[in-house]
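Residue indices begin at 1 and follow the sequence shown. Counting convention: from 1, in listed order, for ligands and their atoms alike.
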Amino acid sequence: MEWLSLELENIKERGLYRKPGTVESAQTPVIVKKGRELVNLSSNNYLGLTGHPYVKKAAIEAVKKYGTGAGASRLAGGNTNLYDNLEQKIARFKGTEAAVVFSTGYQANTGVIPAMAGTDDLILSDELNHASIIDGCRLSRADVSVYPHKDTTELEKILRESKHNKKLIVTDGIFSMDGDIAPLPEIIELVGKYGAMVMVDDAHATGVLGKHCRGTPDYFNVEVDINMGTLSKALGSMGGYVAGSSELVDFLRNRARSFIYSTALPPPAVAAASAAIDVIEKEQPAKRLFENVRMYKKGLVEIGYNVTSETQIMYVMVGDAGKTCDVSAELERMGVFAPAIRPPTVPEGKGRIRTSLMATHTADDIEKALSAFQVVKGKFGI
Ligand SMILES: Cc1ncc(COP(=O)(O)O)c(C=O)c1O
């Protein structure tokens, strides 16, 4: 076991050592860490729904009625009517025939991708796709072609030359570390032209993007074959889902191993996600989120940062991993929590401070964050 200390030393020397910081409060716009209040720019709780009274009440009621755990996998008795209601609600919200829920978004990707493509097939995956997509591709045993970020010319070239049986294009909807949006209309054109399938991972767009806040397809007014997402970000709960045709859902329930062989989500998580969709439809909290996005982006640009993202995820590029940690630590000293994102989460040399806004941030929170970013710009020359 001596190799462990050598590996850890090596990780530390490269500025890549990670240890979860402990937060002593809920996922609110201002959190408490080591007894200090910090403006929170790290949360994917974009709409603030983890603390919404209606969502919390639904979770509490579910515990009272169904208890704390599901007790079994979905197919082996862990499937309550809460689940059926949630899947029907997701399908209605997404405008599809059906939906199936997994225990995490990570499990959705690692279950769905190998179910949809295997030996003799080709998966075409954007180079900045989330790690769970990469792992799903690895598990599939299909040929995997990674295309340059959002480069549909290169994507078409690969499709044209492919002699594979089935071809699956998979892309993040909003890219998790960059905040930009996948070119879905162009991708869908290629799907039709080359007889491929398309899967979008809308983890960061669900509840946020589009006229009805349904995600990237709603934003572009297009349809995709496999509409995957998580319940763990804007929906303020836990879990992953796929929305699509009834046949697709039926097939995934039979073939996605992470669905079959994992315990169902606890009842409060299922009830909270369901309640969160009600809130999104009734209160449209994304409107408030995008007011904050506009204010924050304008501020960062005025300070001199090059910010092109149109969404709630924006980053400040630093480069070197060690320096990224120093910038993050300085921000924290000034009362702003924005963790350092380093390889392998982002490519080598592209360490950054990834920030995400919440609908519940106040103008004061945003101004405080901007003042801190003004200071680190001068201090670190970023
Ligand atoms: C794009 C994307 N897909 C999937 C996941 C995994 O979702 P979950 O956290 O629900 O497992 C994440 C989470 O970070 C993500 O950013």
Side-chain angles (χ1 to χ4, degrees), residues 18 20 27 41-47 49-50 86 90 94 99-114 116 123 125-140 146 149-150 168-182 184 187 198-209 215-217 219 224 226-243 252 256-259 262-266 268-270 272-274 276-277 309 311-315 339 341-342 344-347 352 354-357:
R18 306 180 194 216
Q27 284 289 313
L41 294 182
S42 74
S43 184
N44 299 323
N45 178 24
Y46 303 126
L47 302 175
L49 297 188
T50 63
L86 174 62
I90 292 172
K94 288 275 167 176
V100 51
V101 168
F102 293 73
S103 297
T104 64
Y106 187 95
Q107 279 175 271
N109 278 335
T110 52
V112 173
I113 296 172
M116 297 306 293
I123 302 173
S125 175
D126 188 289
E127 68 176 334
L128 296 190
N129 276 344
H130 188 257
S132 55
I133 295 180
I134 297 171
D135 293 353
C137 292
R138 288 177 180 157
L139 279 171
S140 73
V146 176
H149 184 47
K150 300 205 296 189
L168 172 66
I169 304 170
V170 56
T171 180
D172 277 18
I174 293 179
F175 286 87
S176 55
M177 294 299 133
D178 292 62
D180 54 345
I181 304 171
L184 276 194
I187 291 176
V198 61
M199 168 168 170
V200 62
D201 175 341
D202 247 353
H204 297 276
T206 299
V208 167
L209 211 59
T216 323
Y219 177 75
V224 295
I226 305 160
N227 197 329
M228 177 268 164
T230 64
L231 309 172
S232 57
K233 304 192 192 300
L235 270 61
S237 181
M238 188 73 204
Y241 67 83
V242 167
L252 292 176
R257 291 171 64 83
S258 58
F259 174 83
S262 189
T263 297
L265 279 169
V270 183
S274 181
I277 295 176
S309 164
T311 70
Q312 74 281 10
I313 300 170
M314 287 173 237
Y315 66 84
I341 304 292
R342 293 156 290 155
T345 306
V346 289
R352 68 192 67 181
R354 181 230 193 227
T355 62
S356 51
L357 287 178

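Side-chain contact between Tyr241 and Leu231 is present, with heavy atoms from C-beta onward closer than 4.5 Å. Using a 4.5 Å heavy-atom cutoff, the side chains of Ser309 and Tyr315 are not in contact.
Between Asn45 and Thr50, the side chains place a donor N or O and an acceptor N or O closer than 3.5 Å (distance only, hydrogens not considered).
Applying the side-chain hydrogen bond (donor to acceptor under 3.5 Å, both in side chains) criterion to Asp201, with sequence neighbours excluded, gives Asn109.
Proximity of the aromatic rings of Phe175 and His149 is defined here by a centroid distance below 6.0 angstrom, and this criterion is met.
Evaluated for a side-chain contact (heavy atoms from CB on, under 4.5 Å) with Thr345, the options Arg18, Arg352, Arg354 yield exactly one hit, Arg18.
For ligand 1, the 4.0 Å heavy-atom shell contains residues Thr104, Gly105, Tyr106, Asn109, His130, Ser132, Asp172, Ser176, Asp201, Ala203, His204, Thr230, Ser232, Lys233, Gly239.
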